[in-house]
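Here is how names work: the chains are called A, B, and so on, in the same order as the sequence lines, proteins then strands, and each is numbered from 1.
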Protein chains: 2
Amino acid sequence: MKVSSKGEYALRALLVLGELHGKVVSIQEISDKTLVTVSYLEQILLKLKKLGYLESKRGTNGGYILKRETRDINIGEVIRVLEGPLSPMGCASITKYEPCQLEPSCQLKPLWSLVRDTIAYVLDQTTLEDLLENRIALNKGDDFLAFKRTN
Amino acid sequence: MKVSSKGEYALRALLVLGELHGKVVSIQEISDKTLVTVSYLEQILLKLKKLGYLESKRGTNGGYILKRETRDINIGEVIRVLEGPLSPMGCASITKYEPCQLEPSCQLKPLWSLVRDTIAYVLDQTTLEDLLENRIALNKGDDFLAFKRTN
DNA sequence: AAAATGTTGACTAGAATACTCGACTTTTCA
DNA sequence: TGAAAAGTCGAGTATTCTAGTCAACATTTT
Ligand code: FES
Ligand code: FES
C-alpha cells in the first residue's frame, strides 16, 4: 500500500513552490530543499507543468512557478495523475476500473471499495493550502472524521 | 496504493476456508474456487499456517482447515503479515516505522499518518466473519462512518 | 505399497521503480 | 554578441519487487 517516490517528491516540490508562491524557483533550489536529485526532479516537474500545475521560465534566473492557487490544488488529484488510481484493487477503482475474475460473487470487493472510498475521501478533501498550513482533515473536525459514500 | 496478489489471494483462501469452517479442504479445491494456481497457494497457505490461522492435515484427504473463529480473524492483521505495513510511507507506519530525511519539518507526514489511520481503521475493524456475511464497515453505521484517531 | 496429499527451499521471468544522462533550446546579461 | 544559466526531451539502466514455478521430500490413508 505504499505511495511511490514520484508522488511523494511531486508533493514535496509543490510544497516548496507553494511556500514561495509568486516566485520563480530553479530546479536546483527545489532539489536542495526536497533532497531529490535535479535529474529526477526534471521529470517530475515537467510532468506537473504539462498537467497545468506549474509554469516555467527558461534561461538565467529561470525556474518553475506555481500556476494555480494553493487552495485549488487537490492532493488526491496529484497522486492520481502521478501514480495512478487510489484504489487498492482494479475492480474497486472509479477512475480506472478493471474487471476481476471473481467479481460477480466476490466478497472482497465491498471491502476494497470501502478502502478506496476512505482514501479518496481523505486525499480529495485535502489541498496544498491545507498542507502548507498544517491543517489536515484530521483537525478539521476535531480529531473526529465522518464521511459518506459518494457512490 | 495497490494491494499485492499475495494479500488478495490469502483473503480469497480464507474466505473459502471460512465458508467451509470445520472441514478439511485441499489446496486443489481452494485453487479451483479462488482461481489461484496450486503452487502459488502452497506458499501462501503455508505462511498462513505458520502464522496460526490454519491447521493442516497431510496425506490422502488431507488439506487445510481454519484454526481460529472467523470473527477472530482480523483483515488488517492478515494484510499486514502478508505484505507489510498499511502505511503509505515508512515514516507514518506504526508497525514498521522508518525514519525519513525531512521528518522534523515535514508537512506531509500528518497526511500520511491520517491516511494510514483511516486505512487501519477500516481494515482492523473488519473480520473474516464480516466478509463472509457481507457486512463491511460501511454498513455498520448506515452508510456513515466515524472514527477517532487512536494514537 | 501406492497414492494423495502437505512441506520446503531454491529458482526465475518479467514488470515496475527510481533514477541517470547527454544533447538540445531558450533566455539573460556582461 | 556570446557565454552561461536555466528548462526540455528522449533514452537508457540498475535494482528491486512481484508473481509465480518447480522438484524433491515427508506424512498419512487405504
Ligand atoms: S477482488 Fe476484484 S472482484 Fe473480487
Ligand atoms: S514523508 Fe516521511 S517525514 Fe515527510
Considering only [options], which nucleotide approaches the side chain of [X] most closely?
X: Arg58(A); options: dT8(D), dA6(D), dT7(C); answer: dT8(D)
X: Leu46(A); options: dC9(D), dT28(C), dT7(C); answer: dC9(D)
X: Ser5(A); options: dC19(C), dT27(C), dT5(C); answer: dC19(C)
X: Ser26(B); options: dG6(C), dT20(C), dT28(C); answer: dG6(C)
X: Thr60(B); options: dC22(D), dA4(C), dT8(D); answer: dA4(C)
X: Ser56(B); options: dG7(D), dG6(C), dC22(D); answer: dG6(C)
X: Asn61(A); options: dC29(C), dG7(D), dG22(C); answer: dC29(C)

Base, sugar-phosphate or nothing for [X]? Non-hydrogen atoms, less than 4.0 Å.
X: Leu45(A); value: nothing
X: Ser4(B); value: sugar-phosphate
X: Gly59(B); value: base

side-chain N/O [X] vs [N] OP1/OP2, d < 4.0 Å:
X: Tyr64(B); N: dT5(C); value: no
X: Lys49(B); N: dT7(C); value: yes
X: Lys50(A); N: dC9(D); value: yes

I'd like to know if the side chain of Tyr53(B) pairs up with that of Glu77(B) as donor and acceptor (distance under 3.5 Å, no hydrogens or angles considered).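 Checked: Tyr53(B)/Glu77(B) side chains pair up, N/O donor to acceptor below 3.5 Å.
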
Go through the side-chain N and O atoms of Thr118(A) and Tyr121(B) and say whether any donor and acceptor fall under 3.5 Å apart. no

Just the rounded figure in Å: distance from P of dC17(D) to NZ of Lys2(A).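 Atom NZ in Lys2(A) sits about 12 Å away from atom P in dC17(D).
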
Asn74(A), Asp124(A), Leu11(A) screened by side chain to side chain contact (heavy atoms under 4.5 Å, CB included) with Ile79(A), the one that passes: Leu11(A)

Between the base of dT20(C) and the side chain of Gln43(A), is one N or O donor paired with an acceptor at under 3.5 angstrom? yes

